[in-house]
Undergrad: 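Supplied in structure tokens, the structure appears directly below.
In what follows, every chain begins at residue 1, and chains take the letters A, B, ... in the order their sequences are listed. Given the structure is predicted, the values throughout are model-derived calculations rather than measurements. Scope of the values below: all heavy atoms of this structure, side chains included, with no hydrogens, waters or symmetry mates.
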Amino acid sequence: MLPPGIFLWESGLEGLCEPTGLDDLTAISPIWKDELERCGAWSESVETDSGRFLKANLKNETTIVIVGKCSSTMEVARYLVESDMLPKWGAVIAVEQSSGRGQLRRPWVSSPGNLHVSAVLPEGPSKGDWAKQYGGLVSLLCGHLIASGVKSLGAEVQIKWPNDLLHAERKVGGMLIEERAGVDILGLGINLVESPPDSKMREDRSVEAGVLRTNPPVPGPLALWRALVSHGKSLYVVLLGELKPSQFVSALSCHLAWMGRTILVNEREGSTYQAEIIGISPEGGLIVRHTEGEEVLFSGSITPQ
Amino acid sequence: MISMQPKSFEQVLEEVKGKRILVANRGIPARRICRSITEMFNAKAVMTATDVDKTSPASSGANELLMLGADPRAYLDLDRVIREAKASGIVAIHPGWGFGSEDDSFPAKCKKAGIIFIGPPQEPMRTLGNKVAVRKLAQEQGVPVVPGSEGAVSIPEAREIAKEIGFPVMLKAEGGGGGRGIYEVYKEEDLENAFSKASALAQASFGNPRLYVEKLLTSVRHIEIQVVADMYGNVFCFDERDCSVQRNHQKLIEITPSPWPNYTTELRAQLKEYSRKLVSAVGYYSLATVEFLVDAEGVPYLIEVNTRLQVEHGITECRYGIDLVEEQIAIAFGAELRLTEEKNKPYQWAFQCRINCEDPQKDFEPNSGRITRYVSPGGQGIRIDSCIGDGYRFPSNYDSAASLLIAYGNSWNKVVALMKRALREYMIGGLKTTIPFHCKIIDHPKFVEANYDTNFVRQNYAELMDYSDRESNSFRLTRLVAEISALGYNKYVQLGEYRGREDKRVGRFELAEPPKVSTWFEPRIVRGMDRDTILDTLRSDREAGIIHMTDTTTRDITQSNSGNRFRMAEDAIIGPNLDKCGFFSLENGGGAHFHVAMLANMTYPFTEAAEWNKFAPQTLKQVLIRSTNVLGYKPQPKNVMRMTGEMINEHYDVIRCFDFLNHIENMRPFAEVALHSNKNIFEPAISLSWAKGFDVARYVNVTDQIVKMCADVAGVSEKQAQKMFILGLKDMAGVCPPRFMRELIGAISQKYPELVIHSHRHYTDGLFVPTMGAAAEAGAHIVDVAVGAAVRWYGQGEVLSTAAYIEDEIGLKTHLDKDMIRATNFKLKQIMPYYDRYTAPYFQGIDHDVVRHGMPGGATSSSQEGALKQGYIKLLPYMLKFLEGTRKLVRYHDVTPGSQITWNTAFLGVTGAYKRGGEREVRRLLNILDIMNLCKEEDLTPLEREARLDLYRDSNDAFRNLLLGKFGKLPLGFPEDWIYQSAFGKGWKTAIAERTEESPLTTLQDVDLTAEMEALKARLHRQPSDEEFVMYLNHPGDAITTIEFCEKYGNINNLPVDVWFEGLIKGEVLHFQGKCNKPHRMRILDISEPDENGMAVVRYELDSEIMSHQVKVAEPDSGSKDATEMADPTNDYHVGSPSNGDLWVTHVRPGDKVKAGEELFNISIMKQEKAVVATVDATVRRVVKSGNYTEDKKMVPVVEGELIVELGPAAGVCPTCKLEVPGEDSNFCPNCGQKM
């Protein structure tokens, strides 16, 4: 296992991520140049079966692995988890992704300077109220952690059910959770410097893309992630330990986008109807009300009217 | 502001008469208030109702409904309610409790609409209803409040205040309420940490991180004062209600007056004074409740004021004999308060339980669903305000309150007694309620003493939760009868669909009693005599030529002949007669019966034994145990053996114990338990075979070991020891001929003249009677027999014929009441047809060949039946031949579980050969077996040495474990090395190196009893009984099945045998006994045809109620397109969807080989992606649903548990016997019969 700290995967691994160095990254983006400098000296290096990692002097309470260009942080994180190198809350941040992905392997295009991270979530509770509910709520739970973390940085983001992040009515980020062999990996992308122009967005997108602006502005993706994980880690413990799932769901509603608003629901069969967002069900579904009554959505997507 | 002239109550009555009053509420409060509106005022009661509620029982109380449409939350839409009320001529609105009742805009909105609000005016309501405002008011008025901060604080401020008021303190979320958002801090050093946690929590829960500090009162009672005030400044305070029984600040029970021993009249007066002050100070009118916490010293603190009618108002009404709602309405219409201290004196005690549709044992989880049975209590001193009834579908949209049950009477003890009775009478079926939990509370001595605080429930939680929530015995039992009747067979006896509803039946069981037996008979031995007296009697009787007999009718014989299925109900019919026949003992338990009592007869075995000792109190009871295997099929650790042994000793007198290897050390833990009691008689038994090497000398040697072990355990000399126990001789196969038994018993009695000998054998070879004659003649003291009508060919022989032989042919005596045996037999003749018809095995004939193949007792029929059912009947002669040959190579006794091991080895060997090369290969195998038995090692050709390795290549783990010595030491030593080579293949040398002759007891680790107890407790959600625990330790899975069955259906021994096996047909009447000898009557009215889901509805009468019960009698109609194929969760090859979601990619196709861990498909669940992987190496058989989103942009909806991919064995290997399965279409493994 890599210990807590900030690492740079210098050697990379063939087919997963390219070799990189401090100079390479500095050259790619000025934001990263500053980020790396803020990490202090990179004097230590760690040799593993998977190659060489540089370690920064700056202390950090979780493990963060920075990689150069990779296909997707999801794949790098999955590899590191399966090689027993990435502990829980450990994360992989890529400066650049060649084939970053959203849900259902949709491409996620994003520039250096934006946050692209994949993090290992702790194992869900096996006892108590959460044991049954956790699986359905984990995505919203992450959304809540992120929204509340961003709030502490002086910006409002809202969760567009189930996994998009909105800021000033524009999509500034998205989440993805992939579970395999009992390990959940959270993929998170947040636009900090650039967002795809409206013309490049998917045709069936629901909102235009935008950039997250905090007050004061966060210096870069690494700083944002460090703030989010530090906030999220302790809130996670409180939420799971102190709230019942039903209480969590009601707590979540303050971050839920378009609460009480009439939106369009696009169901998978292609049918579309108007409905009002009422809340989240204890299982994590979106409760909407339409002319024929209430319904709980577990799939499909929503767009504003 | 009030310019109105005070009206009298009578004037208001006149004024309101015929007017329309709306109750803007639902459920219990709505019904309660409508009652008052219609009763006295003769007004029209109108009730709001959403679609969910429009036909609810509560709505029946209204004269008219004001419909609010589909949205279940419409009750909160006050503007709409007022608008519609206005439009329909409503003059006044009562808000009830909950919903809009505490919204201070409600009175204002009503006023604006020109409607009277039956409640307080807005301003005083706002002041009293707001926590901060009322706190301020209280301080102004000199009413004590809980010390704390005024409003939200920072950490340093919190520290300052906490120091001032002293720890412990509470951090309360500003946005919280109703007991939520409270954090307790006990020590100063924890404050900082707790503050940030509580703040984060408050932020997460209420979107507001602000906290205020309050002193934490650790031991308090919750006491509240009901106040009623009019518009003219008149205030009346009622005596307190004590609501200290709470759970998480939710009231469960309310009592008036407070039964707390520390409560004083001074405190009452003081609380009333405080309450009066607060209400008067703001010009409040209508009803209010002022709530206080009172600490252990009797110091009160105001917590809040409720500005509405409260759930617990009913107990105040009972205490004073008034109607608070009536007063409230009158006041709203301007009446002057008519209650005075002089006229309205309290005179009753009253006490309310809140009955909610919640399951306390699942953390008070609310439940909704149909109420299948509703019987409400009544009678003197009981009041019920409920919103439910029979057939009502309790909705999930609202709170879980179902009814308010009040008891009232003239003393505390009286109301406790009334409530106990009422809760017992109260029956709500179909969903879980808090009734049993309330019963536990009221049964608690501390509750009755009333010296507790608000922590009562928390501190006694485990105790209060320890109950089982069951419907009445009679009700549960009729559910079972309905099920058996609808199916036509009883699925719980696990005999498959042995009959159908249309099949011919044996008919009703109506016992004809035998003629009375008048008798002089005096038994020689009875229960209660001590061990030495009994053994002395046996010895002196044998001297006098008297042979005693043990009856096995209800255990061993029905085990061998009737699938071991004699229920306790039948035991109870013949047991009282058997008890008087003069038998030495009745064998009524142990062996397979212990297991089957649970598994198929759904009885607790030791409860059964205890019953036996009640209905047959006189004769000794005997049990059979299998040394280390105790009552199961594999060795048990010592502590389990001992624990089971102790329970056995409690219920049985004679403990017969055998070991199939005659490894005497294996019996030691039982010897320790039994020999140390002078009530129990230990009967170690020698397992007998009749074969080369198992000769008289060997068995005398085994006897020596037994005597030695017993002497060692008892701490006496061997000479002394032989007087302390009975030696059993167990010829389970029924193979030892008369001459052998004569010789053996002769030799043993010569060496141990004081040893009492008890001979047991089966009838399989047909020589039962002469052999028992020979045993008796040679010196046996006791022989085993059974009663005529139950005797077939594999169990014991018949008592009267054996007695006749011993008396007439041998010239010895017996001591039996033969007329009583005849009477017993007459009853048995009436019972046996049911067992013969439904449970008897196929093979019932004599099989003298048992002397060759050695298959014992019931195993002879069951194993041969197995061969038949699996389609191998033509191979049976070969299998028996294999048995005959193999018994000479691997030497042990033909007794459980050895007999099963031998049979399986033969079955696997022969069928394996058959599959390799047909009958020709089988003959080759048997040929080599013959050669191995005939030739010496040195005469074998290399070809033969090679060929013999086929003999045990198909053997299973049990056989291999036997060879390894895991059951104990083999009586004639380990078999030859080539057998290991055949059974273990490549690993044979390791097997030889690892084998042991030690007793398994030396290596088996003791079970962690505490952990096992916890596991069982968690499973049952309650404290298991000692018996349940022992059942669980011996047969965990089956014990749980039985325990759950008994909880569900009750005691099946209250059903007659015909109903147990056949059920009832339409119109038939069943009379049965319930608990406490209450007679019940059940009649089936109708059994419907199955619907498309395969469900039939059984309608029946139970006593005077008509019930209906749905029973699944067929598979759902597969033609209907809604039918979804579900994965079998116990089958590793069935891969189902982990939850509801969308299948978006499938990675495999039929025929693909997959490895364990390989991803099969991926489900998107609310856009989280879940990879579903194979758990075993396998071949893909079917892909039931497939998705390919990236190509076709289609998501395939799937439901939780739905079968997505069906796998098959990798390269067709049976998961059990690990052999290759030839065709993929086989339903069963042809090797071992494992279902594929």
Side-chain angles (χ1 to χ4, degrees), chain A residues 102-106 128-129 135-140 142 144-145 148 151-152 161-164 174-181 184 186-187 204 231 234-235 237-239 241-244 247-248 250-255 268-269 278 283-286 289 291-294 297-301, chain B residues 51-52 69-73 175-176 180-181 183 193 196-209 248 362-363 365-366 396-397 1018 1138-1145 1156-1157 1159 1162-1173 1175 1187 1189-1190 1193-1200:
Chain A
Q103 38 143 331
L104 310 174
R105 310 284 142 99
R106 282 176 183 136
D129 298 313
L137 293 175
V138 59
S139 178
L140 295 167
C142 291
H144 185 81
L145 301 183
S148 127
K151 193 168 180 180
S152 70
W161 182 89
N163 60 350
D164 284 343
M175 296 175 298
L176 163 71
I177 289 174
E178 287 184 3
E179 186 258 24
R180 205 188 135 101
D184 286 331
L186 164 73
D204 59 345
H231 181 92
S234 55
L235 186 55
V237 176
V238 172
L239 288 177
E242 311 281 342
L243 293 193
K244 285 174 182 253
Q247 293 172 317
F248 163 72
S250 64
L252 173 76
S253 52
C254 66
H255 294 304
R268 56 190 155 221
E269 300 298 334
I278 303 182
E283 294 76 33
L286 185 72
R289 183 163 60 221
T291 45
E292 270 133 56
E294 272 179 26
L297 300 181
F298 288 98
S299 63
S301 64
Chain B
D51 287 351
V52 184
D71 181 2
R73 279 168 300 180
R180 294 172 60 211
Y183 225 86
N193 198 7
S196 32
K197 242 183 171 178
S199 179
L201 184 62
Q203 165 72 39
S205 312
F206 317 110
N208 173 0
N248 295 346
K362 289 194 182 151
D363 200 18
E365 186 180 275
S396 57
N397 315 62
S1139 46
N1140 294 347
D1142 290 314
L1143 174 68
W1144 64 280
V1145 58
E1159 183 168 328
N1162 201 305
I1163 305 274
S1164 162
I1165 302 150
M1166 284 179 284
K1167 310 196 178 166
Q1168 295 159 49
E1169 288 161 20
K1170 214 172 177 70
V1172 179
V1173 300
T1175 54
Y1189 180 82
T1190 30
K1193 302 284 173 229
K1194 275 196 189 125
M1195 307 280 266
V1196 183
V1198 290
V1199 299
E1200 181 171 340

Undergrad: Are Glu294(A) and Asp71(B) close enough, and set up right, to give a side chain to side chain contact (heavy atoms under 4.5 Å, CB included), and what steps lead you there?
TA: CA-CA 8 Å; Glu294(A) 272 179 26; Asp71(B) 181 2; 4.1 Å; yes

Undergrad: What's the shortest heavy-atom distance between Ala1171(B) and Arg180(A), and which atoms?
TA: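 That closest heavy-atom pairing would be CB-CG, 3.6 Å.
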
Undergrad: Rounded at 0.5 Å granularity, tell me how far CD in Glu1169(B) sits from CD in Glu178(A).
TA: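 Those atoms lie 5.0 Å apart.
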
Undergrad: Of the backbone (N, CA, C, O) and the side chain (C-beta and beyond), which part of Asp129(A) lies under 4.5 Å from a heavy atom of chain B, both, or neither?
TA: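 Side chain only.
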
Undergrad: Atom CD in Glu179(A), atom CD1 in Ile1163(B): separation rounded to 0.5 Å?
TA: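 If I round to the nearest 0.5 Å, the distance is 11.0 Å.
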
